[in-house]
Amino acid sequence: MSTGNFKFENKGHNWVQNDVWTAVDGYTMGHLHPSSKPNASALQNALDASKAAGLPDISASPAQSKFMALQCRVLGVTHALEVGTLGGYSAIWLASENPQMKLTTVEFDPHHVEVARKNIEYAGLSDRIEVIQGSGLEVLNQLKQEITEGKRPKFGFFFIDADKPNNLNYFNLAVEMVLPKAMICVDNVVRGGRLIDQSLTDPRETAGRILVEGVAKDPRVESVVMQTVGEKSYDGCLWAILKLDA
C-alpha cells in the first residue's frame, strides 16, 4: 500500500510529543492506579533505581504496562515471556497484576540484568520472575528447545521490546513457542509515524516495515497495529494472536 507523497518533518529520536498526552496519562493513572495500590511502591522503585543506575528511560509507559497486564489477566496467562528486560519495570507490572503467572524475561546487557534482579527482589517477585542474561535469539532458541523436550510449558503472552532489527525473527520464534489464542505484542513499531517513511534506511527504522509485512504473510496469526500517544510520545504496538488451528 502506498503512502503517497506524505513528508515527515520528524527525523530524530525525539519523536512528536504533546504535553496534553502526558497530562492525560498523569490524570488517568493517578486515579486508576494511585499510589495506594499494592504494587505502586515496587513500580516506582524500579523507575527510580533504574534511573539512578544509568539505564535509558525507554521502558513501556505505566498505561501500556498495565494494559498488557490486564490482557494477561483476561487471557488467564500462567506463563509469559518478555524479550528486553531493561530494569524490570514491565516485568514487575505483568507479574504483580497476575499472581497466577510466572514470567521469563530475557536481557542481553549484564548491567541491566543486575539492576532488574534487584528491582524484582525489592518487589518480592523473584520466585515468579526468571531473568535470563544472553543474546535474545540464542536464549529463545534454547527455550524453544526446552519446550520441544517438554521441560518448559508454552507461553500465553509474549512481549517483544528489544533490538528492533530482530523483531521479525523474535516474532517468528514466538509463534512457535506460544499456545493457541496466545497474545504476542511487539513494542515501538510506529515510532512517531516513521513506520511508513520510505526514505529511512537505518535497520532500526526499517524493522517495523519488515515486521508488519512479514506478519501479514503469516497464515498462523491474526494481527493489528494499534497507534498510541501518551507520556512516551507517539508510537504503537503490533498485536497478534495465534489461531486455534495454527
Side-chain angles (χ1 to χ4, degrees), residues 1-4 6 8 10 15-16 18 21 24-25 28 32 58-77 79-84 90 93-94 97-98 101 103 136 140 154-198 200 203-246:
M1 181 178 294
S2 172
T3 58
F6 190 83
F8 287 79
N10 186 39
W15 304 338
V16 176
N18 186 314
W21 304 340
V24 169
D25 270 356
T28 55
L32 300 177
I58 54 173
S59 60
S61 73
Q64 179 188 342
S65 298
K66 185 168 185 179
F67 180 77
M68 292 191 296
L70 294 180
Q71 292 293 306
C72 289
R73 190 181 300 180
V74 169
L75 292 169
V77 175
H79 294 84
L81 194 146
E82 173 187 57
V83 187
S90 53
W93 263 110
L94 293 172
E97 291 286 331
N98 293 276
M101 188 173 76
L103 172 68
L140 290 192
K154 287 192 171 184
F155 300 100
F157 183 78
F158 204 114
F159 179 42
I160 300 168
D161 187 14
D163 49 310
K164 305 311 173 187
N166 272 317
N167 272 348
L168 184 58
N169 293 326
Y170 291 140
F171 184 90
N172 288 334
L173 282 165
V175 171
E176 298 178 0
M177 298 168 66
V178 298
L179 295 163
K181 297 178 66 176
M183 181 77 73
I184 302 170
C185 175
V186 187
D187 201 8
N188 306 129
V189 173
V190 176
R191 300 176 71 82
R194 291 181 291 166
L195 171 66
I196 60 169
D197 188 345
Q198 302 289 334
L200 298 176
R204 292 170 297 180
E205 303 297 345
T206 60
R209 294 196 299 276
I210 292 171
L211 174 72
V212 170
E213 293 168 17
V215 172
K217 299 172 184 175
D218 193 329
R220 300 170 294 177
V221 298
E222 289 289 352
S223 55
V224 68
V225 168
M226 293 293 295
Q227 301 183 76
T228 57
V229 296
E231 64 179 78
K232 294 286 186 172
S233 77
Y234 166 36
D235 206 342
C237 300
L238 182 142
W239 297 85
I241 58 170
L242 184 65
K243 295 178 181 178
L244 284 172
D245 58 353

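Because the structure is predicted, anything quoted here is derived from the model rather than measured. Values reported hereafter were calculated over all heavy atoms of this structure, with side chains retained and with hydrogens, waters and symmetry mates removed.
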Between atom OG1 of T206 and atom CG of D197, what is the distance when rounded to the nearest 0.5 Å? 11.5 Å

Exercise: identify the closest heavy-atom pair between L103 and L81: CD1-N, 4.0 Å

Can you pull the side chain to side chain donor-acceptor pair (under 3.5 Å) pairs that have at least one residue in residues 63-76, sequence neighbours excluded? H33-K66, Q64-D187, R73-E97

Using only atom types and a distance under 3.5 Å, with no angle test, would you say the side chain of D25 pairs donor to acceptor with the backbone of E231? yes

Is there side-chain contact between M226 and V224, with heavy atoms separated by less than 4.5 Å? yes

Check salt bridge (Lys or Arg N to Asp or Glu O under 4.0 Å) between R209 and all other residues, then give those that pass, not counting sequence neighbours. none

Partners meeting salt bridge (Lys or Arg N to Asp or Glu O under 4.0 Å) with D218 (sequence neighbours left out): R220

Ignoring hydrogens and angles, write down the donor-acceptor pairs under 3.5 Å from the side chains of residues 237-246, residues two or more places apart or on other chains.
residue	atom	partner	partner atom	Å
K243	NZ	P219	O	3.0

Please identify each residue that fulfils side-chain hydrogen bond (donor to acceptor under 3.5 Å, both in side chains) with S90, with sequence neighbours left out. E82

Close side-chain approach of I160 and N167, heavy atoms under 4.5 Å: yes

Looking only at heavy atoms, which two atoms of G208 and L195 are closest? And how far apart? C-CD1, 3.4 Å

Nearest 0.5 Å, what's the CH2-OG distance between W93 and S61? 9.5 Å

Could you pull out the closest heavy-atom pair between L94 and C72, with the gap in Å? CD2-SG, 4.0 Å

Return the minimal non-hydrogen interatomic distance between G193 and Y234, and the atom names on each side. N-CE2, 3.5 Å

Supply the atom-to-atom distance F171 CZ to S223 OG, rounded to the nearest 0.5 angstrom. 6.0 Å

Quick one: salt bridge (charged side-chain N to carboxylate O under 4.0 Å, His left out) pairs with a partner in residues 161-186, sequence neighbours left out? K144-E176, D161-K164

Are L140 and F158 close enough, and set up right, to give a side chain to side chain contact (heavy atoms under 4.5 Å, CB included), and what steps lead you there? CA-CA 11 Å; L140 290 192; F158 204 114; 4.0 Å; yes

Using the side chain to side chain contact (heavy atoms under 4.5 Å, CB included) criterion, which residues pair with A162? Sequence neighbours excluded. V83, Y170

For F155 and F157: C-alpha separation, side-chain torsions, deciding distance, then whether side chain to side chain contact (heavy atoms under 4.5 Å, CB included) applies. CA-CA 6 Å; F155 300 100; F157 183 78; over 6 Å; no

Candidate pair K154 and V178, rule side chain to side chain contact (heavy atoms under 4.5 Å, CB included), full reasoning: CA-CA 5 Å; K154 287 192 171 184; V178 298; 5.8 Å; no

Before you tell me yes or no, could you show the steps for N169 and N166 under side chain to side chain donor-acceptor pair (under 3.5 Å), namely the whole-Å CA-CA distance, both residues' side-chain angles and the distance that decides it to 0.1 Å? CA-CA 5 Å; N169 293 326; N166 272 317; 2.8 Å; yes

Closest approach of E205 and R191, non-hydrogen atoms and distance? OE1-NE, 3.2 Å

How close do N98 and A69 get, counting heavy atoms only, and between which atoms? ND2-O, 3.1 Å

